[in-house]
Amino acid sequence: MCGIIGYIGKREAAPLILRGLHRLEYRGYDSAGIAIVSGEKLFAVKSAGMITALEARPELKRLIGNIGIAHTRWATHGEPTEQNAHPHLDCKGEIAVVHNGIIENYMELREALQKRGHTFNSETDSEVIAHLIEESYEGVLEDAVARALKLLEGTFGLAVVHTGERKVVAVRRSSPLIIGIGQDEMFVASDVAAVVEHTSRVVHLDDDEIACIRQDGFSVMRLSGEMVEKRVDKVEMSLSQIEKKGFKHFMLKEIFEQPASITNLLRGRLKDGKITLTPNLGLARFERVIFVGCGTSWHSAIIGRYLAENLAGIRAEFEYASEFRYRKPIVTNRDLVVVISQSGETADTLGALREAKKRGARTLGIVNVVGSTISREVDGGIYLHAGPEIGVASTKAFTSQVMALLLLTLYIRQERGLENDPELIREAAAMPAKINAMLDNLDVIKNIAREFASYKNFIYLGRGINYPVALEGALKLKEISYIHAEGYPAGEMKHGPIALIDDGFPVVFIVGNDAQHEKVLGNMQEVKARKGRIIAVCSEGDTDAARVADYCITVPQTSPLLSPILNVVPLQLLAYYVADAKGLDVDRPRNLAKSVTVE
Ligand code: G6P
């Protein structure tokens, strides 16, 4: 949700921060801008569209200087025009601000500033920040920022520069921000991916901390004025992990990385039929587990409930984080709230986590990004170790989340003194090889994608643990191909969606090899009788499903509880090849952002 970066050092700032900005493009890509402090002057260039549009601007050549900030935007307030792109400047053109977040009280602040004579150049909420700092400025930028912040309500990650001072001031409230420590140079960015090329030493800012970053060091103070000693963390990510390595898109690369990401998740956690998880939260004592997340992570949450009920025999619920946080959820210290988030920064999931803690629940995070806000605020957690996921459509994080949920629920089972099924453990360990086998032959999926790329509507149906897989398949297709796709429980089809079925309406069935197999076959017959065209994802050897379906994609046999991991892979690939056949920008679908740090 908007990416920000800043630099101070000896090198030319513009090319450096633009390269870093590209690494943040997954956070938003509808407009971009940069400001460089050059001597006593400030130069800014902004552009609608992606960063490449900004880079094509001839004025960029005039941006000479060693201090700068830049921004890639996901619009909230104001259309994605050049005017609304960041950085925003004060009236005198001495202060530049880039902002990630939302200023909730900007209307009243703007009116008051206008009455006091300030001129606004954009429709954004962010511009008030530049003018407030201008009013508070008495010669020390961080003090002016601190004074301005006291008037702001909402969320922000900010980087600010002033023509008169050799520093970048950075502040965080709810929107992620890190400081990168280089050799005679320093960075500030929304995410470590933007700086990993230059340094592996980073500091994670916490809420209401103001950092004053100079070429040779930094200091951090709280909004209340006291200084804070920050820990320097070592970055795990490497540059090669955030490059495409010959794949056409990050999404395809990440689909292919799933055998490795699941292997990484299992490493050290599955041994001799036993699950090892740290830290030990005393999981056996909880009476209920509530899984929360957004988007793809919410689909994992649904699977979490199936696994918890089936394996751990524990009461379980799932919920959208954005709903959970605004209900009055009745939770106690006998409840475990499991927050699932790839990025660890999603505002609603973070809000749900804080609400759960406030109400006394214990919390556990299933998170991919190491050091992210959620990972730091939960009582305990399971890192996915899936490596950076850059394609906006989540793929490898989903399969790793499902595997992490399996480990978690098996672990609770163990803690409750119940035996684990050795066959299920063997199957879990076999998942990477089974996914690899599927990735070896993509012709069937490519052909189906070519044939159906021009259709306008799809419905995805599944039952039981494969119902969330249907939701995930539909989400992947709509996110990147802009085709209307709905996911539904197959048994519910007859209560409404069946009215849609005709020969122009492809229906994707996820046919589990489980107790509901016959029921799904019955649902397929109902579609066939109405001339619907059926694409079935089914297990190898499922001749019954193959006979009814028009097209069949087979996956290796496995335990029903692990089937979501195998069944989702063809659906990820189907969405990918449809979007690619339509010539769409798969990694940067319109209107979306990977990390949604606003509500
Ligand atoms: C955004 C992304 C989705 C993602 C969701 C939750 O909407 O576009 O792909 O599933 O956020 O993200 P999280 O990082 O919390 O898993």
Side-chain angles (χ1 to χ4, degrees), residues 1-3 24-30 74 76 100 174-176 190-191 193 249-251 254-255 261 291-304 318-325 337-354 363 365-378 381-384 386-402 404-405 468-469 471-482 485 487 568 571-572 575-576 579 585-599:
M1 205 84 326
C2 298
L24 299 175
E25 212 171 9
Y26 71 90
R27 303 180 63 84
Y29 33 80
D30 58 39
W74 185 84
T76 57
N100 168 30
S174 286
S175 302
S190 302
D191 178 355
H249 294 101
F250 279 111
M251 181 180 175
E254 287 156 10
I255 292 172
S261 53
F291 298 94
V292 296
C294 302
T296 289
S297 297
W298 177 70
H299 297 154
S300 297
I302 308 177
I303 293 175
F318 64 87
E319 187 153 359
Y320 284 118
S322 55
E323 291 296 320
F324 178 87
R325 65 181 296 195
V337 173
V338 177
V339 288
I340 308 172
S341 174
Q342 187 285 129
S343 62
E345 300 292 351
T346 301
D348 285 317
T349 313
L350 183 58
L353 163 65
R354 290 177 178 167
T363 57
I366 295 186
V367 174
N368 191 31
V369 177
V370 175
S372 56
T373 311
I374 291 175
S375 74
R376 287 183 291 135
E377 291 195 14
V378 284
I382 304 175
Y383 273 128
L384 300 181
E389 191 182 67
I390 291 165
V392 166
S394 187
T395 51
K396 63 177 177 174
F398 176 74
T399 44
S400 288
Q401 284 166 351
V402 175
L405 287 162
V469 176
L471 296 179
E472 177 61 7
L475 180 67
K476 289 290 85 92
L477 189 72
K478 72 181 111 173
E479 276 181 317
I480 60 170
S481 74
Y482 317 146
V568 80
L571 303 182
Q572 297 167 341
Y576 172 80
D585 189 346
V586 173
D587 287 331
R588 287 168 299 200
R590 70 183 180 205
N591 303 341
L592 293 176
K594 184 146 190 74
S595 177
V596 183
T597 53
V598 295
E599 290 184 43

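Whatever order the structure lists ligands and atoms in, that order sets their numbers, starting from 1.
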Trainee: Within the distance-only criterion (no hydrogens, no angle test), does the side chain of N368 pair as donor or acceptor with the backbone N or O of G387 below 3.5 angstrom?
Mentor: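 Yes.
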
Trainee: Ignoring hydrogens and angles, state whether a donor on the side chain of T373 or E345 is under 3.5 Å from an acceptor on the partner side chain.
Mentor: yes

Trainee: Testing the 3.5 Å rule here: is there a donor-acceptor pair between the side chains of E389 and S394?
Mentor: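 A donor-acceptor contact under 3.5 Å links the two side chains.
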
Trainee: Return a table of N or O atom pairs, ligand 1 on one side and protein on the other, at distances under 3.5 Å, rounded to 0.1 Å.
Mentor:
from, atom 1, to, atom 2, distance (Å)
ligand 1, 8 (O), A593, O, 3.0
ligand 1, 9 (O), V392, O, 3.3
ligand 1, 10 (O), T296, N, 3.0
ligand 1, 12 (O), T346, OG1, 3.4
ligand 1, 14 (O), S341, OG, 3.4
ligand 1, 14 (O), Q342, N, 3.4
ligand 1, 14 (O), S343, N, 2.8
ligand 1, 14 (O), S343, OG, 2.7
ligand 1, 14 (O), T346, OG1, 3.4
ligand 1, 15 (O), S341, OG, 2.6
ligand 1, 15 (O), T346, OG1, 2.4
ligand 1, 16 (O), S297, OG, 2.6
ligand 1, 16 (O), Q342, N, 2.7

Trainee: Please work out whether the ring planes of Y320 and W298 are parallel, tilted or perpendicular, with thresholds of 30° and 60°.
Mentor: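 Ring orientation, 0 to 90° scale: parallel.
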
Trainee: Is the NZ or CZ atom of R590 both under 6.0 Å from the centre of the six-membered ring of Y482 and within 45° of that ring's axis?
Mentor: yes

Trainee: Are any of the side-chain nitrogens in R325 or D348 under 4.0 Å away from the carboxylate oxygens of its partner?
Mentor: yes

